[in-house]
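Take a look at the structure set out below.
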Amino acid sequence: MNTTNRVKLSIMMFLEFFIWGSWFVTLGTFLDKNLSASGSETAAVFSTQSWGAIVAPFIIGLIADRFFNAEKILGVLHLLGAALMYQMYTATDISVFYPYVLGYMILYMPTLALVNSVSFNQMKDPEKEFANIRIFGTIGWIAAGLIISYLFVWDSPEALSAGLLKNTFLMAGIASLALGLFSFTLPKTPPKVAAGEKVKISDILGLDALKLLKDKNFAIFFVSAILICIPLAFYYQNAHPFLSNIGVEGPTGKMAIGQISEALFLLLIPFFFKKYGFKKTILVGMLAWSVRYLLFAYGNAGELSFMILIGIALHGICYDFFFVSGQIYTNSKAGERYKSAAQGLITLATYGVGMLIGFEVAGWITDTYKGANGAADWKMVWLIPSGIALVVFLLFALTFNDKKKIEEEAIAH
């Protein structure tokens, strides 16, 4: 890959995740402070990510892979996204805001696959080259959080009461406009499937990979992946409002610690696989969810603030050790024939079905444990997902016993 293309792909990745990090981290607090949304209304807004994940394969499979260059579709989706971001910026009521965020997520979620397609198309050895490009996405997400907390200070108590958090949508919209225009300069990525070739719905949704569920251990992993998304949804939906409400300074910037941790632990996964195997690595990821929520439940913004910071920093173990390990495990079980289908199925199960259930549960728990003054009982809001994660951990530990087989297949691949 030449230097020009490397730089272009790095900028593309930076902007792709800068956009998401600009508004999604602070969304829960914005819905609470600016739109006075209830827990169930907040859950409905966050669930748009899941609906986007469910619709995304159809956009990619039926349109991108057949008729148009990936970089052009990427450009159009981000330009349309910029217009919807502006509408979200001007919305003053949850009923007005919801249709725009739903439309936006249906457009945005397919771009996650498109930026990967554009990148892979330029690489001779994706396994070696992709990480060096993808890291700029993590840097973009971190940059957005630092800008919100330490440059514009939109998440300070004074700014929150003044309603300044809505500016995050304007920032995301400007970045989306920039990426939309920039996408048309990216390396050409033509359609993968001939226009006349038939594409089956089962191919798009990865349904052919359902055959893998006949394997008891894969079925256990599959169900566990859906269930662990319930506590994951609590973090996305409640972490920022929690930090803001208990008085943590610069909460958006502090949450960027999670992304830094994610980047670091990604590098440690090969070491953990080799030394401890798949089962232990995944179990560490599950247990980390339970521990982090216990830290949130009993920590505070004062002398126990270190507990909150450790909880945020555990994000790398929580996410990488379960989800990235899971992707590698799925890859080793699927074999060449069902590789893409299996990854598509896992994405649909986790970001689609699992997170959809998770956001609904998180919204219901948040509403259930609200005091007479309308403030959430944060201790209970975090103890419940901690318990759910612990139950999933125990179920997986007691029923999954494919350790030797996985290691052999991983080495073979």
Side-chain angles (χ1 to χ4, degrees), residues 21-33 39 42 138-139 141-162 164-165 168 231-265 268 284-321 362 365-366 369-371 373-390:
S22 291
W23 68 280
F24 197 71
V25 176
T26 56
L27 179 59
T29 304
F30 168 81
L31 294 171
D32 177 33
K33 303 290 185 187
T42 299
T138 303
I139 293 168
W141 186 292
I142 293 166
L146 297 178
I147 287 168
I148 289 167
S149 276
Y150 303 115
L151 181 62
F152 296 125
V153 204
W154 289 331
D155 57 0
S156 68
E158 302 77 27
L160 289 177
S161 55
L164 296 185
L165 210 51
T168 56
L232 170 62
F234 275 80
Y235 181 73
Y236 286 149
Q237 195 161 303
N238 288 327
H240 197 276
F242 163 66
L243 297 178
S244 299
N245 287 350
I246 66 169
V248 171
E249 209 174 303
T252 321
K254 296 276 196 312
M255 283 185 71
I257 294 168
Q259 268 57 51
I260 296 167
S261 158
E262 192 182 315
L264 292 175
F265 278 104
L268 292 175
V284 167
M286 287 178 173
L287 192 60
W289 283 109
S290 190
V291 171
R292 91 181 311 188
Y293 290 151
L294 283 175
L295 290 166
F296 283 177
Y298 292 102
N300 59 40
E303 69 279 3
L304 297 179
S305 61
F306 71 93
M307 293 172 71
I308 305 289
L309 294 177
I310 292 169
I312 295 169
L314 279 173
H315 186 68
I317 298 176
C318 292
Y319 189 85
D320 291 338
F321 280 37
I365 295 295
T366 307
Y369 290 96
K370 266 190 178 167
N373 60 352
D377 177 356
W378 288 114
K379 190 174 179 182
M380 286 307 297
V381 167
W382 293 123
L383 283 177
I384 289 168
S386 175
I388 294 169
L390 189 60

_Residue pair Tyr150 / Gly250: nearest heavy atoms and the distance that separates them_ = OH-O, 3.8 Å
_As a test of understanding, state which of Ile148, Thr168, Ile147, Leu146 forms a side-chain contact (heavy atoms from CB on, under 4.5 Å) with Thr252._
Ile148
*Looking at side-chain heavy atoms only, is the closest gap between Trp378 and Asn238 below 4.5 Å?*
yes
*asked:* Within this structure, what is the CG-CD1 distance for the pair Leu304 and Ile310, rounded to the nearest 0.5 Å?
replied: 10.5 Å
*Sequence neighbours excluded, which residues qualify as side-chain hydrogen bond (donor to acceptor under 3.5 Å, both in side chains) partners of Trp382?*
none
*Rounded to the nearest 0.5 Å, what's the gap from OG on Ser244 to CZ on Phe30? Could you check?*
13.5 Å
*asked:* Going by side chain to side chain donor-acceptor pair (under 3.5 Å), name the pairs with one or both residues in residues 294-313, residues two or more places apart or in two chains.
replied: none
*asked:* Main chain of Phe24, side chain of Tyr236: is a donor-acceptor contact present, judged purely on distance under 3.5 Å?
replied: no
*Separation between CG of Leu294 and CZ of Arg292, rounded to the nearest 0.5 Å*: 12.0 Å
*Partner set under side chain to side chain contact (heavy atoms under 4.5 Å, CB included) for Ala389, not counting sequence neighbours*: Ile228, Pro231, Trp289, Ser290
*Please round to the nearest 0.5 Å and tell me the distance separating atom CD of Glu262 and atom CD1 of Ile257.*
14.0 Å
*Heavy-atom side-chain proximity of Leu243 to Met255 below 4.5 angstrom*: yes
*Any side-chain heavy atom of Thr138 within less than 4.5 Å of one from Trp141?*
no
*In Å, rounded to the nearest 0.5 Å, how long is the span from CG of Leu31 to CG of Leu27?*
4.5 Å
*Going by atom types only, do His315 and Ser261 share a side-chain donor-acceptor pair under 3.5 Å?*
no
*Quick one: side chain to side chain contact (heavy atoms under 4.5 Å, CB included) partners of Leu164, sequence neighbours excluded?*
Trp154, Ala159, Ala162, Asn167
*asked:* Tell me every residue that passes side chain to side chain contact (heavy atoms under 4.5 Å, CB included) with Val284, counting only those two or more places apart in sequence or in another chain.
replied: Ile317, Phe321
*Set of side chain to side chain contact (heavy atoms under 4.5 Å, CB included) partners for Ile384, sequence neighbours left out*: Ile365, Tyr369, Met380, Ile388
*Answer yes or no: is there a side-chain heavy-atom contact under 4.5 Å between Ile312 and Tyr235?*
yes
*Could you tell me whether a side-chain N or O of Lys254 sits under 3.5 Å from a main-chain N or O of Leu309, the two making a donor and an acceptor?*
no
*Measure across Gly21 and Val25 and return the closest heavy-atom pair with its distance rounded to 0.1 Å.*
O-CG2, 3.9 Å
*Side chains of Thr42 and Thr366: does their closest heavy-atom pair fall under 4.5 Å?*
no
_Just verifying a value: how many Å separate Phe234 CZ and Ser386 OG, rounded to the nearest 0.5 Å?_
11.0 Å
*Matching residue for His240 among Thr29, Asn245, Thr26 - test: side chain to side chain donor-acceptor pair (under 3.5 Å)*: Thr29
*Shortest non-hydrogen contact from Asn373 to Ala375?*
OD1-N, 3.1 Å
_How close do Gly253 and Ser149 get, counting heavy atoms only, and between which atoms?_
N-OG, 2.7 Å
